[in-house]
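The chains referred to below are lettered A, B, ... by the order of the sequence lines, with proteins before strands, and numbering in each begins at 1.
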Amino acid sequence: MDAVAPARRHNADVDEELHERVRDVIASIPAGRVASYGDIAAIAGASTPRLVGRVLGEDGHDLPWHRVLRADGTPAPHLVHKQLELLRGEGVLADGSRVDMRVYRWRP
DNA sequence: AGACTGACATAAA
DNA sequence: GTTTATGCCAGTC
């Protein structure tokens with residue numbers, strides 16, 4: 001097909017859209033469930049899970065950031081304490097510093 | 001311009 | 001089973 005394929009746009013709109021997309025996905029995570037950065041990145045269309053972490057650090061104050069963990073079920077080193085406590089309040093039990101992703105992992 | 005850092009993931013030891 | 005090293009993408013120095 002002769003239709004052009006706008007693989008890359010230099011518009012900042014795409015960047016902002018991705019930013020909101022990530023937030024929307026995180027906000028879509030129901031209580032008592034958790035998701036990994038890589039999952040959110042894949043659903044939101046982010047190229048790398050690092051973008052998800054950046055979004056949370058910049059504008060995750062209004063989002064259930066405590067429902068976002070790493071692929072191993074271990075949250076960030078500086079938030080592990082708060083993270084597990086918030087999750088525990090939602091019914092997510094953690095073994096030490098690790099959560100059972102295969103049980104609590106949210107899947108759309 | 002290049003190099004370092006970071007709320008990560010995956011592979012190898 | 002855990003720990004270590006490398007790669008990724010974007011932002012910052």
Identify, with sequence neighbours excluded, every residue that meets salt bridge (charged side-chain N to carboxylate O under 4.0 Å, His left out) alongside [X].
X      : value
A:D100 : A:R102
A:D59  : A:R23
A:R88  : none
A:R54  : none

Exercise for review: Under 4.0 Å from any atom of DNA chain B, heavy atoms only: list the residues of residues 58-71 of chain A that qualify, in numerical order.
Suggested key: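 Residues of residues 58-71 of chain A that come under 4.0 Å of DNA chain B are, in numerical order, A:W65, A:R70, A:A71.
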Point to revise | Residues touching DNA chain B, which here means a heavy atom under 4.0 Å, drawn from residues 25-35 of chain A | key: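 Those residues: none at all.
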Exercise for review: Kindly write out the residues that satisfy side chain to side chain donor-acceptor pair (under 3.5 Å) with A:R21, not counting sequence neighbours, or none if the list is empty.
Suggested key: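 Once residues adjacent in sequence are excluded, the partners of A:R21 under the side chain to side chain donor-acceptor pair (under 3.5 Å) criterion are A:E17.
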Check your understanding: Which sits closer to the 5' end of DNA chain C, A:P49 or A:R54, going by the nucleotide each is nearest to?
Key ->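 Looking at DNA chain C, the more 5' nearest nucleotide goes with A:P49.
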Review point. Any salt bridge (charged side-chain N to carboxylate O under 4.0 Å, His left out) pairs touching residues 73-86 of chain A, not counting sequence neighbours?
Key: none
Practice item. Please list all pairs passing the salt bridge (charged side-chain N to carboxylate O under 4.0 Å, His left out) test where one or both residues lie in residues 29-49 of chain A, with sequence neighbours left out. Key: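 Counting only pairs at least two positions apart or across chains, the salt bridge (charged side-chain N to carboxylate O under 4.0 Å, His left out) contacts touching residues 29-49 of chain A are A:D39-A:R105.
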Practice item. Could you tell me the separation between the CG atom of A:L56 and the C1' atom of B:dG6, rounded to a whole number of Å? Key: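 My rounded result for the distance is 13 Å.
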Exercise for review: Please list, in 5' to 3' order, the outermost nucleotides of DNA chain C lying under 4.0 Å from any heavy atom of chain A.
Suggested key: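 Range of nucleotides within reach of chain A: C:dT2 to C:dG11.
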Point to revise | With sequence neighbours excluded, residues passing side-chain contact (heavy atoms from CB on, under 4.5 Å) with A:P77 | key: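 Expected list: none.
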Review point. For A:S28, what residues pass the side-chain contact (heavy atoms from CB on, under 4.5 Å) criterion, not counting sequence neighbours?
Key: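 By the side-chain contact (heavy atoms from CB on, under 4.5 Å) rule, A:S28 matches A:D24, A:W106.
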Review point. When all nucleic acid strands are considered with a 4.0 Å heavy-atom cut-off, which category describes A:G38: base, sugar-phosphate, or nothing?
Key: sugar-phosphate
Exercise for review: Could you tell me whether A:L51 contacts a base, only the sugar-phosphate backbone, or nothing, with contacts defined as non-hydrogen atoms closer than 4.0 Å?
Suggested key: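 Contact class for A:L51: sugar-phosphate only.
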Exercise for review: Look at the side chain of A:R98 and the backbone N and O of A:T74, then say whether any donor-acceptor pair between them is shorter than 3.5 Å.
Suggested key: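 Side chain of A:R98 to backbone of A:T74, a donor-acceptor pair under 3.5 Å: no, none is there.
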Check your understanding: Transitively linked via ILVMFWY side-chain contacts under 4.5 Å: A:L86 with A:V99?
Key ->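 No, A:L86 and A:V99 fall in different hydrophobic clusters.
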Point to revise | Toward the 5' end of DNA chain B, by each residue's nearest nucleotide, A:V52 or A:D72 | key: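 Going by which nucleotide is closer to the 5' end, it is A:V52.
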